[in-house]
Asker: 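Pasting a structure below so you can have a look.
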Amino acid sequence: MSKSRKDSKGRILRKGEGQRKDKRYIYQYTDPNGKRHVLYANDLPELRAKEDELERERLEGIKGYARGKMTLNQLVEKYLATKYDLKISTRLRYERTYEAYAMDNIGKRLINDIKYSDIRFFYYTLLRERNIKIGTVDSIHSVLHPAFQMAVRDDLIRNNPTDGVMAEVRKKHGNDAVVRHPLTIEQQRAFLSFTEKSYTWKRWMPLFTFLFGTGCRIGEALGLRWEDLDFENKTITIIHSLGYVQHNGSREVFLSSPKTEAGKRILPMVDAVEKMLKNERLKQQQNNITSCTIDGFSGFVFVDKNGKISCYQDINKAIKRISKAYNAYETVRAEQEERVAVLLPYFTCHYIRHTFCTRLCEHETNLKLIQSIMGHTSIKTTMDIYAETTEKKKQETFETLQNNNVFF
């Protein structure tokens, strides 16, 4: 976690903000002419007030200096400054992605000089030469398109050069997107059983039990605190999500609200999850494990023996290693027993969420209920998974009928 991103009170600092050794706060910025400036304040609220006033002045004067002079970097900075309601996780993702792929190339060009073909060439260069996934390009587009649209509405440019580009890119590279397939019940049970019996991997069992038993996003699981659990009423309240951003070789950790407003929800606590959570709490108490503090919050459920929280990349790596070890073991055992091996496919934490939703769709027809449990903002997301599950069940039903000679 980058210490420069927090003040002495543990509050996350925005881009350009810092705190000196004498506890005073500073905000550094560059004006449209490339000149560096610094604002000073005795406390963070005072600094933020000065930043807001500065931003109002800069936005009011945008037309005066923008025509033919504003770079894409400056435009994006202005656009993000107007998005005051962005969640910190979304803002950091936008900033880091833009900095990594656009700031030092197309970002330096004047917005009046950037055309549709330039954006198209830029996206295809990222895909073909830098081997960036289409999802990352889409994230960059999510910043560029509304930023250029703001410039159009402010009469700084006539047309938005990003219009239609992403649709064309998706049409040609849409098949490159990874299709998530849920684990079968047999695969799910095999993975959990192997993990529980393994001395090396058993420590991950509490987290995997929670993920398979709730369908939570990995950030929601890692952001879970003991006070979010109600053992008397057997409920789990999801109100936080833990996020990570890589920047300059370091990892920034932050706690925010769930991915969407729909993500704030209360889930029933099934017996297996309840038993696991109570055992985990007892183990932490017996070993005097104290949770780390993130953004002023502590008491996190899923911590290691040192009280630290693993990042989702490490968890995905653990899943990969467990699956590899299991597949090697299962292959040999299946040969000895002369049967077909039950092998595990490649999957990640998010596949576990997809698997949970699939199990839900297999036994529940109320789409609004499924949507509420999963925390989906759009019912379309729920319907897509439900349709996929229903299609598979239809195939299985016909195979059963055929095997039982029902038709002929």
Side-chain angles (χ1 to χ4, degrees), residues 1-2 5-6 10 12 85-97 133 135-136 138-139 142 178 180 182 204-229 235-247 250-267 269 273 276-277 280 291-304 307-320 347-357 371-378 381-382 385:
M1 180 170 61
S2 177
R5 297 293 297 177
K6 289 188 177 182
I12 289 184
D85 56 343
L86 276 181
K87 285 177 50 181
I88 185 171
S89 56
T90 304
R91 181 179 297 277
L92 287 174
R93 186 176 73 251
Y94 282 167
E95 290 178 354
R96 299 298 181 254
T97 304
K133 295 182 179 179
T136 303
D138 202 8
S139 294
S142 296
V178 177
R180 296 189 182 98
W204 294 107
M205 195 61 191
L207 178 59
F208 292 150
T209 300
F210 184 83
L211 293 175
F212 275 108
T214 63
C216 284
R217 300 176 178 91
I218 184 60
E220 295 169 348
L222 297 179
L224 189 73
R225 301 165 65 214
W226 289 113
E227 65 181 51
D228 300 329
L229 306 176
T235 60
I236 303 167
T237 301
I238 305 298
I239 55 174
H240 289 122
S241 181
L242 200 70
Y244 304 83
V245 175
Q246 297 288 346
H247 184 56
S250 63
R251 180 184 296 154
E252 300 176 12
V253 186
F254 55 88
L255 197 67
S256 65
S257 56
K259 184 178 180 181
T260 64
E261 278 301 309
K264 297 178 181 178
R265 60 202 189 279
I266 298 178
L267 301 174
M269 189 186 298
V273 172
M276 174 277 298
L277 289 170
E280 186 66 15
S291 162
C292 59
T293 299
I294 299 175
D295 293 342
F297 293 91
S298 60
F300 293 98
V301 175
F302 298 108
V303 296
D304 61 19
K308 296 183 179 180
I309 302 176
S310 299
C311 72
Y312 62 84
Q313 291 98 331
D314 292 336
I315 299 168
N316 284 335
K317 289 178 182 177
I319 292 175
K320 186 175 182 180
F347 70 99
T348 64
C349 296
H350 202 75
Y351 284 69
I352 298 178
R353 174 171 163 81
H354 190 64
T355 296
F356 175 88
C357 189
Q371 180 187 13
S372 175
I373 293 174
M374 298 305 301
H376 290 153
T377 300
S378 172
T381 304
T382 311
I385 299 175

Asker: Report the C-alpha separation of Ile352 and Ile319 in whole Å, then their side-chain angles, then the decisive distance to 0.1 Å, and conclude whether the side chain to side chain contact (heavy atoms under 4.5 Å, CB included) test is met.
Answerer: CA-CA 11 Å; Ile352 298 178; Ile319 292 175; 4.2 Å; yes

Asker: Before we go on, tell me: are the rings of Phe356 and Phe212 under 6.0 Å apart, centre to centre?
Answerer: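 They do not qualify: ring centres at least 6.0 Å apart.
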
Asker: Nearest 0.5 Å please: distance from the NE2 atom of His240 over to the CZ atom of Phe297.
Answerer: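 One gets 4.0 Å once the value is rounded to the nearest 0.5 Å.
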
Asker: Nearest 0.5 angstrom please: Lys320 NZ to Thr348 OG1, how far?
Answerer: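 Atom-to-atom, Lys320:NZ and Thr348:OG1 are 11.5 Å apart.
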
Asker: Restricting to non-hydrogen atoms, name the atom on Leu211 and the atom on Ala221 that form the minimum distance, rounded to 0.1 Å.
Answerer: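 Heavy atoms of Leu211 and Ala221 come nearest at CD2-CB, 3.8 Å.
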
Asker: Of the non-hydrogen atoms in Gly215 and Arg353, which two are nearest, and what is the gap between them?
Answerer: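 Where Gly215 meets Arg353 most closely, the heavy atoms are O-NH1, 2.7 Å.
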
Asker: One pair to check against side chain to side chain contact (heavy atoms under 4.5 Å, CB included): Thr382 and Met374. What are the steps and the verdict?
Answerer: CA-CA 8 Å; Thr382 311; Met374 298 305 301; 5.6 Å; no

Asker: Under 4.0 Å between a Lys/Arg side-chain N and an Asp/Glu carboxylate O for Asp295 and Lys6?
Answerer: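 Salt bridge between Asp295 and Lys6, a charged N being under 4.0 Å from a carboxylate O: yes.
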
Asker: To check you understand the geometry: which heavy-atom pair defines the closest contact between Leu267 and Cys216, and what is its length?
Answerer: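 For Leu267 and Cys216, the tightest heavy-atom pair comes out as CD1-SG, 3.7 Å.
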
Asker: For residues Lys308 and Ser291, determine if any side-chain heavy atom of one lies less than 4.5 Å from a side-chain heavy atom of the other.
Answerer: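 Lys308 does not reach Ser291 side chain to side chain.
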
Asker: Indicate yes or no for a side-chain donor-acceptor contact from Asn316 to the backbone of Cys349 under 3.5 Å, with no hydrogens or angles considered.
Answerer: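 Checking the backbone N and O of Cys349 against the side chain of Asn316, a donor-acceptor pair under 3.5 Å is found.
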
Asker: Is there a side-chain contact between Trp226 and Glu280 in this structure, where contact means two heavy atoms from C-beta onward sitting under 4.5 Å apart?
Answerer: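 Result yes, sub-4.5 Å side-chain heavy-atom pair found.
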
Asker: Side-chain contact, heavy-atom cut-off 4.5 Å: Phe302 with Pro206?
Answerer: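 The answer is yes, as the side chains (C-beta and beyond) meet within the 4.5 Å cut-off.
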
Asker: Using a 4.5 Å cut-off on heavy atoms from C-beta on, say whether the side chain of Leu222 contacts that of Phe300.
Answerer: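 The answer is no, as the side chains (C-beta and beyond) never meet within the 4.5 Å cut-off.
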
Asker: What are the two closest heavy atoms between Thr293 and Ser298, and how far apart are they?
Answerer: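 Residues Thr293 and Ser298, closest heavy atoms: OG1-CB, 3.7 Å.
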
Asker: Flag the pair Leu229 / Leu277 as yes when at least one side-chain heavy-atom distance between them is below 4.5 Å, and no otherwise.
Answerer: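 Yes - at least one pair of side-chain heavy atoms lies under 4.5 Å apart.
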
Asker: What I'd like to find out is whether the side chain of Leu255 reaches to under 4.5 Å of the side chain of Ser241, using heavy atoms alone.
Answerer: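 No - every pair of side-chain heavy atoms lies 4.5 Å or more apart.
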
Asker: Do His376 and Ile385 come within less than 4.5 Å of each other through their side chains, counting heavy atoms only?
Answerer: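 Contact flag for His376/Ile385 side chains = yes.
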
Asker: I would like to know whether Thr97 and Thr136 meet side chain to side chain contact (heavy atoms under 4.5 Å, CB included); could you show each step before the answer?
Answerer: CA-CA 8 Å; Thr97 304; Thr136 303; 4.1 Å; yes

Asker: Please evaluate residues Phe208 and Ile315 with respect to the criterion side chain to side chain contact (heavy atoms under 4.5 Å, CB included), reporting the C-alpha separation (whole Å), side-chain torsions for both, the decisive distance (0.1 Å), and the verdict.
Answerer: CA-CA 10 Å; Phe208 292 150; Ile315 299 168; 4.1 Å; yes

Asker: For Glu220, is there an ion pair with Arg265 - N to carboxylate O distance below 4.0 angstrom?
Answerer: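 Yes, charged N to carboxylate O under 4.0 Å.
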
Asker: Where is the tightest heavy-atom contact between Ile309 and Cys292, given as atom of each residue plus distance?
Answerer: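 Heavy-atom minimum between the residues: CG1-SG, 4.0 Å.
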
Asker: Tell me, do Ile236 and Phe210 make a side-chain contact under 4.5 Å, heavy atoms counted?
Answerer: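 The answer is yes; the side chains approach within 4.5 Å.
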
Asker: Look up atom OG in Ser310 and atom NZ in Lys317, then write down how far apart they are to the nearest 0.5 Å.
Answerer: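 Between atom OG of Ser310 and atom NZ of Lys317 there are 11.5 Å.
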
Asker: Do the side chain of Glu227 and the main chain of Gly299 share a donor and acceptor less than 3.5 angstrom apart?
Answerer: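 The answer is no, because no donor-acceptor pair under 3.5 Å joins these two groups.
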
